[in-house]
Amino acid sequence: MELATFNQLSADEAQSAIRHCVAIPHWQQSMVAGRPFATIEALLATADALARQWQQPELEAALSAHPRIGERADGADKESVLSRGEQSAMQQADYALQQAMQQGNQAYEARFGRVFLIRAKGRSGEQMLAELQRRLQNSDVTEQQEALDQLREITLLRLKETIQ
Ligand SMILES: NC(=O)NC1=NC(=O)NC1=O
């Protein structure tokens with residue numbers, strides 16, 4: 001949708017328009033309150049600044065809307081549709097890679113107690129598996145920050161696709 005359209009929507013409609021970007025209501029509401037945005041750059045700068053404030057609670061809340069890498073998100077809701085597109089590289093992955101990713105996800109969840117989150121768009125299955133294995137060695141603090149950075153990247157990518 002056009003930026004001008006987003007600026008003119010009612011608050012409820014504006015929040016609905018960006019809800020799929022990230023499952024963090026406070027971020028959605030802050031973006032709605034920040035209107036009208038003069039430019040796309042201003043919109044994205046605000047989204048980025050708000051996302052840099054996220055801590056563990058926001059990460060846990062958002063993960064509910066992001067299926068595991070390699071697990072096909074079945075569903076007609078917008079998040080599932082977006083996830084399938086973002087993770088399209090895994091649909092072409094061979095059995096060995098699928099298995100390795102599944103085992104990697106299990107190891108990550110055993111280590112950190114939450115789903116492995118990565119900005120999947122533009123990454124091959126092999127690249128995501130390599131990132132998972134690299135990040136498995138991270139300390140808790142470092143890994144939380146990396147996961148938050150990836151969540152921010154996914155959010156901004158989705159926002160850019162939603163408002164042009
Ligand atoms: N666990 C994940 O990282 N999921 C996802 N990353 C994306 O970029 N889209 C997803 O659904």
Side-chain angles (χ1 to χ4, degrees), residues 14-15 17-35 37 39-73 77-91 93 97-163:
Q15 185 167 359
I18 58 171
R19 191 185 312 282
H20 62 277
C21 293
V22 68
I24 300 175
H26 183 260
W27 179 87
Q28 298 162 9
Q29 288 149 12
S30 300
M31 288 301 293
V32 170
R35 298 175 308 153
F37 292 100
T39 62
I40 289 285
E41 290 71 21
L43 171 91
L44 295 173
T46 298
D48 185 75
L50 288 166
R52 289 178 187 276
Q53 293 166 19
W54 293 338
Q55 293 298 320
Q56 180 161 5
E58 287 78 13
L59 181 59
E60 303 297 341
L63 282 174
S64 61
H66 288 279
R68 287 183 182 80
I69 296 296
E71 275 188 10
R72 188 170 166 70
D77 58 291
K78 194 151 171 66
E79 282 94 337
S80 295
V81 171
L82 287 168
S83 287
R84 281 199 294 275
E86 289 153 351
Q87 296 195 34
S88 56
M90 286 306 292
Q91 263 109 54
L97 180 54
Q98 295 269 14
Q99 282 292 95
M101 186 63 80
Q102 196 171 33
Q103 282 153 15
N105 277 321
Q106 284 166 2
Y108 183 96
E109 289 172 40
R111 165 80 179 80
F112 293 106
R114 60 174 183 267
V115 167
F116 170 66
L117 186 72
I118 188 169
R119 183 263 301 153
K121 192 179 180 74
R123 281 186 161 123
S124 70
E126 290 81 359
Q127 286 171 324
M128 290 193 282
L129 181 60
E131 274 295 276
L132 194 161
Q133 280 159 353
R134 175 184 69 77
R135 288 169 52 187
L136 264 175
Q137 311 310 318
N138 279 343
S139 68
D140 289 352
V141 171
T142 302
E143 180 49 27
Q144 178 173 297
Q145 193 51 57
E146 287 219 40
L148 283 165
D149 290 344
Q150 294 300 296
L151 182 62
R152 180 160 45 83
E153 276 191 40
I154 295 166
T155 302
L156 285 172
L157 272 176
R158 291 184 174 186
L159 184 61
K160 275 179 200 149
E161 285 167 12
T162 305
I163 301 171

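This chain uses plain numbering: 1 for the first residue, then up along the sequence.
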key: Full working for side chain to side chain contact (heavy atoms under 4.5 Å, CB included) between Leu59 and Leu117   = CA-CA 10 Å; Leu59 181 59; Leu117 186 72; 4.2 Å; yes
How close do [X] and [Y] get, counting heavy atoms only, and between which atoms?
{"X": "Ala89", "Y": "Arg123", "answer": "CB-O, 3.3 Å"}
{"X": "Gln56", "Y": "Gln144", "answer": "OE1-OE1, 3.3 Å"}
{"X": "Cys21", "Y": "Thr162", "answer": "SG-OG1, 4.1 Å"}
{"X": "Ala62", "Y": "His66", "answer": "O-CD2, 3.3 Å"}
{"X": "Arg119", "Y": "Ile154", "answer": "CA-CG1, 3.6 Å"}
{"X": "Ala65", "Y": "Ser83", "answer": "O-OG, 4.3 Å"}

Given 3.5 Å as the limit, does a donor-acceptor pair link the side chain of [X] with the main chain of [Y], or not?
{"X": "Arg35", "Y": "Val32", "value": "yes"}
{"X": "Asn105", "Y": "Ile69", "value": "yes"}
{"X": "Glu58", "Y": "Gln55", "value": "yes"}
{"X": "Glu109", "Y": "Phe116", "value": "no"}
{"X": "Arg158", "Y": "Val22", "value": "no"}

Spacing of [atom1] belonging to [X] relative to [atom2] belonging to [Y], to within rounding of 0.5 Å:
{"X": "Ile24", "Y": "Ser30", "atom1": "CD1", "atom2": "OG", "answer": "10.5 Å"}
{"X": "Leu136", "Y": "Tyr108", "atom1": "CG", "atom2": "OH", "answer": "8.0 Å"}
{"X": "Gln102", "Y": "Glu71", "atom1": "CD", "atom2": "CD", "answer": "7.0 Å"}
{"X": "Leu50", "Y": "Trp27", "atom1": "CG", "atom2": "CH2", "answer": "8.0 Å"}
{"X": "Arg114", "Y": "Ser64", "atom1": "CZ", "atom2": "OG", "answer": "14.0 Å"}
{"X": "Leu129", "Y": "Gln133", "atom1": "CG", "atom2": "CD", "answer": "4.0 Å"}

Salt bridge present between [X] and [Y] (N-O < 4.0 angstrom):
{"X": "Glu131", "Y": "Arg134", "result": "yes"}
{"X": "Glu143", "Y": "Arg111", "result": "no"}
{"X": "Glu153", "Y": "Lys121", "result": "no"}

Should [X] and [Y] count as side-chain neighbours, where that means a heavy-atom distance under 4.5 Å?
{"X": "Ile118", "Y": "Leu132", "value": "no"}
{"X": "Leu44", "Y": "Asp48", "value": "no"}
{"X": "Thr155", "Y": "Leu159", "value": "no"}
{"X": "Pro57", "Y": "Glu60", "value": "no"}
{"X": "His20", "Y": "Val81", "value": "no"}

query = When you look at Leu157 and Glu86, which way does the side chain to side chain contact (heavy atoms under 4.5 Å, CB included) test go after all the steps?
reply = CA-CA 10 Å; Leu157 272 176; Glu86 289 153 351; 5.8 Å; no
task = Could you verify whether a donor N or O on one side chain and an acceptor N or O on the other, from Asp149 and Gln145, lie under 3.5 Å apart?
result =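 Side-chain D/A pair, Asp149 to Gln145: present.
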